[in-house]
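The structure appears below as structure tokens.
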Amino acid sequence: MSNLKQLTAVGCLGLSVLLTACSDDNDSKSSSQKDKPLELTILHTNDHHSYFEGQSFDLDLEIDANQPGKESVRVDLGGFPRIASAIGEYRDDNTLVLNSGELNGTLYFSLFKGELDFKVFNEIGLDAYELGNHEFDEGDAHLANLLTQVDFPILASNVRPTAKSPLYGSDIQPYVIKEIDNQLVGIIGVLKSEKTRESSMVSDDVVFDDEIESVRNYVNELQGKSVNKIIVLSHLGYEFDLVLAENVTDIDVIVGGDTHDTLDSTGELAGMGITVDGGYPTIIQNPNQEPVYIVQAWEYAKGLGHLRVSFDENGKVTNATGNLELLVGDQFQVKDQDGQWAVADTNQTAAIEQAIGGLTTIRQMAEDQKILDLIAPYKAELEAYKQQSLGSVTEPMPFTRIPTNFAPGEKPTGSYAAQVVADAFLTYLPKADVAIQNAGGVRAPLEDGNFTVADAYTILPFSNTVVTIDMTGADIVQVLNEALDYAQGISASTGAFPYSSNLRYDVTLNAKAGTGIRNVDVRDPATGNWSPIDPQATYTVATNSFTALGKDGYVTFGKVREANPESFEESDVAYAVPLIEYFRDELPDNILPPLDPDTYSLKSVTTATP
């Protein structure tokens, strides 16, 4: 744990609270606090999405001096046991350990609803935690209960629960003030408002203030308390952080999250095959033409951000350096002569360790035993749960990718399994109007009889996530036709064939490009009525992260996202989770009924004559 002093007072608002709520008696430095230079270390993580353990990951490394060039090495990357070890190694009295928020995304959250997340952070000893939008995914009451379990400050300056919300009275603070080496450092939290309102289960009884105005107001309030070193702990996203820095004076550092950006100024991460989104730190000039230093630490507990900041006696930053550190274990795999992954031998391991030793952005790190022990019972329960029954399937749901001909009123053909997955996506994401799933993303049928968690992962084995894209009806018709064309084209990628939920259409195989899917209808979920899709109307489409990139022929998904990044939203929920929760929480008596032809995405299938 850090020895930092968190300023508190007894009696403010009737309870012991942070300095933020106290009277003017606490609004200035004590006579013992002298203005002087300060060296500060910030260790930070963001967007872990309930990933706790290390993950298999491939890095490009130079490991053979006799054979110039890089070779792919499979490592065990990240995880909170390694992050905790690194924090323990770096932490001293001049260190802040910060997290920019975001729960939900793995089966750990589906089962334990954030309990393990905050137990891990309690053990690590965070100095501050900013709420993410997914913290509200289970509603106000659940989050309020979670917040009673934390031992660290929870921040969100622009979140104001009203008296009607169970979150009213929760210990959500706009900021916290830390005393470090007899100096005051303020940390302001801020959350992306619209995304939280639209994409979580937060109630209307929680008010969200403007992000920039909230930060500006609390910067001024902190300055009134003689705080001249200010950090913003942000869950706004990298691009929004840049805007915040440009528009608000007297912010020194922004520690960000939400957009999972990888920042690096060494060039090493790009050399290892990782996409880099900006410099670490990214430097933006504020309205007074003073630098603001922006950092973020990727995603899913893959690494730890490590920023060293020097302040002068006036609280101005004179230097800020650091980098994202990827933390790996001591077991490696390389490809053998047949191109198959194999455990690295002694010589290969030595060469890999030598290569890692020469890099700044990757370190071997042992796992912290306390965190391993904390996770262990939850992991055991999760593994046992994977074998448990979620329910039953009344009749087989095949996963035939390309349907054969059938007329309206006849028994449909095609991938019933992909239809079920699309239905699960739509149910899981309340914002979505329709869902589209590529046939090849479903790798097994749903057999009749018992259905287990393991079955869900067999059906959806990929490391995809679920996303939403706002697009017009015309774009939806176009992307459906693109997928059909790609499924039948020279690529022979039959897995591109589109199935959907709340959409249905007639299909003509081997039709002229762009014409094979027609008569597209959309279903009103409130009434169950179908009507022709409106080409000009905007719909929110749920799909998987693979097709959302424009892959598998779904080109328009990628184009819409590129033209309007705000139209795209990553849920960060693992691919199989919606299917698991669909069986467990949505189906009456946990029974999947036979396919309903009236809601099936294919109205008919014909084949064009040459």
Side-chain angles (χ1 to χ4, degrees), residues 49-50 102-117 133-146 166 198-203 378 381-395 397 416-435 437 441-442 444 446-461 464-468 500-502 523 525-526 528 540 542-544 569 571-596 599:
H49 287 284
S50 302
E102 209 77 298
L103 311 178
N104 200 353
T106 71
L107 202 52
Y108 276 110
F109 187 85
S110 297
L111 293 179
F112 309 118
K113 303 299 183 184
E115 174 186 312
L116 177 57
D117 302 69
N133 48 286
H134 281 290
E135 272 72 329
F136 296 86
D137 280 357
E138 298 293 317
D140 297 13
H142 181 75
L143 178 56
N145 179 62
L146 274 180
E198 296 297 325
S199 301
S200 76
M201 296 303 291
V202 67
S203 77
Y378 293 90
E381 187 174 337
L382 183 147
E383 292 301 326
Y385 178 73
K386 285 184 177 179
Q387 305 309 315
Q388 291 181 12
S389 173
L390 289 169
S392 60
V393 179
T394 54
E395 67 176 37
M397 296 286 175
Y416 293 11
Q419 178 73 44
V420 173
V421 170
D423 290 341
F425 284 179
L426 189 65
T427 302
Y428 190 87
L429 296 172
K431 176 184 178 183
D433 300 305
V434 300
Q437 169 63 34
V442 179
L446 284 78
E447 301 289 2
D448 56 330
N450 188 38
F451 187 81
T452 68
V453 177
D455 291 331
Y457 279 95
T458 299
I459 290 166
L460 300 172
N464 294 334
T465 55
V466 188
V467 307
T468 58
S500 59
S501 185
N502 271 13
R523 183 173 178 262
T540 299
T543 190
N544 64 71
E569 187 172 309
S571 77
D572 300 296
V573 172
Y575 202 22
V577 167
L579 183 60
I580 291 169
E581 298 202 8
Y582 184 60
F583 268 85
R584 191 184 67 187
D585 302 330
E586 301 295 335
L587 294 176
D589 299 319
N590 311 113
I591 298 173
L592 183 69
L595 183 78
D596 182 355
T599 59

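Since this is a predicted model, take the numbers as computed values, not measurements. Count residues from 1 along the sequence.
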Item checked: Chi angles and distances behind the side chain to side chain contact (heavy atoms under 4.5 Å, CB included) call for Phe451, Leu587 -> CA-CA 13 Å; Phe451 187 81; Leu587 294 176; over 6 Å; no
Next item on the list: Using only heavy-atom distances, determine whether the side chains of Asn450 and Ser389 contain a donor-acceptor pair under 3.5 Å.
Entry: yes
Margin query: Using the salt bridge (Lys or Arg N to Asp or Glu O under 4.0 Å) criterion, which residues pair with Glu381? Sequence neighbours excluded.
Written below: none
Notebook entry, point to check: Does Thr427 have any side-chain contact (heavy atoms from CB on, under 4.5 Å) partners at least two apart in sequence or in another chain, and if so, which?
Noted result: Tyr582, Glu586
Margin query: Once side chain to side chain donor-acceptor pair (under 3.5 Å) is applied, do any residues pair with Asp117, and if so which ones, sequence neighbours excluded?
Written below: His48, Ser50
Next item on the list: To the nearest 0.5 Å, tell me how far Asp596 CG sits from Gln419 CD.
Entry: 9.5 Å
Check: How far apart are the closest heavy atoms of Asn544 and Asn464, and which atoms are they?
Finding: OD1-ND2, 4.1 Å
Notebook entry, point to check: Who pairs with Pro594 by side-chain contact (heavy atoms from CB on, under 4.5 Å), at least two apart in sequence or on another chain?
Noted result: Thr394, Glu395
Check: Can Asp455 and Thr452 be counted as having a side-chain donor-acceptor contact under 3.5 angstrom?
Finding: yes
Item checked: Atom pair CG/CD1 of Leu390 and Ile580 - distance to nearest 0.5 Å -> 6.5 Å
Check: Who pairs with Phe112 by ring pair (Phe, Tyr, Trp, His ring centres under 6.0 Å), at least two apart in sequence or on another chain?
Finding: Tyr378
Check: Which residue, Val453, Ile591, Leu592, forms the side-chain contact (heavy atoms from CB on, under 4.5 Å) with Phe583?
Finding: Leu592
Note to self: Just to verify, what does Asp448 make a side-chain contact (heavy atoms from CB on, under 4.5 Å) with, not counting sequence neighbours?
What the structure shows: Pro396
Next item on the list: Take Glu569 and Lys431, measure what side chain to side chain contact (heavy atoms under 4.5 Å, CB included) needs, and give me the verdict at the end.
Entry: CA-CA 11 Å; Glu569 187 172 309; Lys431 176 184 178 183; 3.3 Å; yes
Next item on the list: Looking only at non-hydrogen atoms, find the nearest pair between Leu460 and Gly441 and report the distance.
Entry: CD2-O, 3.4 Å
Item checked: Atom of Asp137, atom of Ser200 and distance for their closest heavy-atom approach -> OD1-CB, 3.5 Å
Next item on the list: Would you check if Glu135 and Leu146 make a side-chain contact, meaning some heavy-atom pair closer than 4.5 Å?
Entry: no
Checklist line | Asp572/Asn104 under side chain to side chain contact (heavy atoms under 4.5 Å, CB included): CA gap, chis, key distance, verdict | finding: CA-CA 8 Å; Asp572 300 296; Asn104 200 353; over 6 Å; no
Item checked: Non-neighbouring partners of Asp140 that pass side chain to side chain donor-acceptor pair (under 3.5 Å), sequence neighbours left out -> Ser165, Ser203
Margin query: Ala422: which residues meet the side-chain contact (heavy atoms from CB on, under 4.5 Å) condition with it, sequence neighbours left out?
Written below: Ala435, Gln437, Ser501
Check: What are the two closest non-hydrogen atoms of Ala424 and Pro578, and how far apart are they?
Finding: CB-O, 3.8 Å
Check: Can you name the ring pair (Phe, Tyr, Trp, His ring centres under 6.0 Å) partners of Tyr416, sequence neighbours left out?
Finding: Tyr600
Margin query: Measuring only between side-chain heavy atoms, which start at C-beta, is Asn502 closer than 4.5 Å to Pro525?
Written below: yes
Notebook entry, point to check: Sequence neighbours excluded, which residues qualify as salt bridge (Lys or Arg N to Asp or Glu O under 4.0 Å) partners of Glu447?
Noted result: none
Notebook entry, point to check: At their closest point, which heavy atom of Ala444 faces which heavy atom of Ala417, and how far apart are they?
Noted result: O-CB, 4.0 Å
Note to self: Checking Tyr108 now: which residues fulfil ring pair (Phe, Tyr, Trp, His ring centres under 6.0 Å) with it, not counting sequence neighbours?
What the structure shows: Phe52
Item checked: Partners passing ring pair (Phe, Tyr, Trp, His ring centres under 6.0 Å) against Tyr428 (at least two apart in sequence or in another chain) -> none
Checklist line | Leu111 to Arg584 - nearest heavy-atom pair and separation | finding: CD2-NH1, 4.0 Å
Notebook entry, point to check: So His49 and His134, would you call those rings parallel, tilted or perpendicular, with 30° and 60° as cut-offs?
Noted result: perpendicular
Next item on the list: Please determine which of Leu429, Val577, Val467 meets the side-chain contact (heavy atoms from CB on, under 4.5 Å) test together with Ser571.
Entry: Leu429
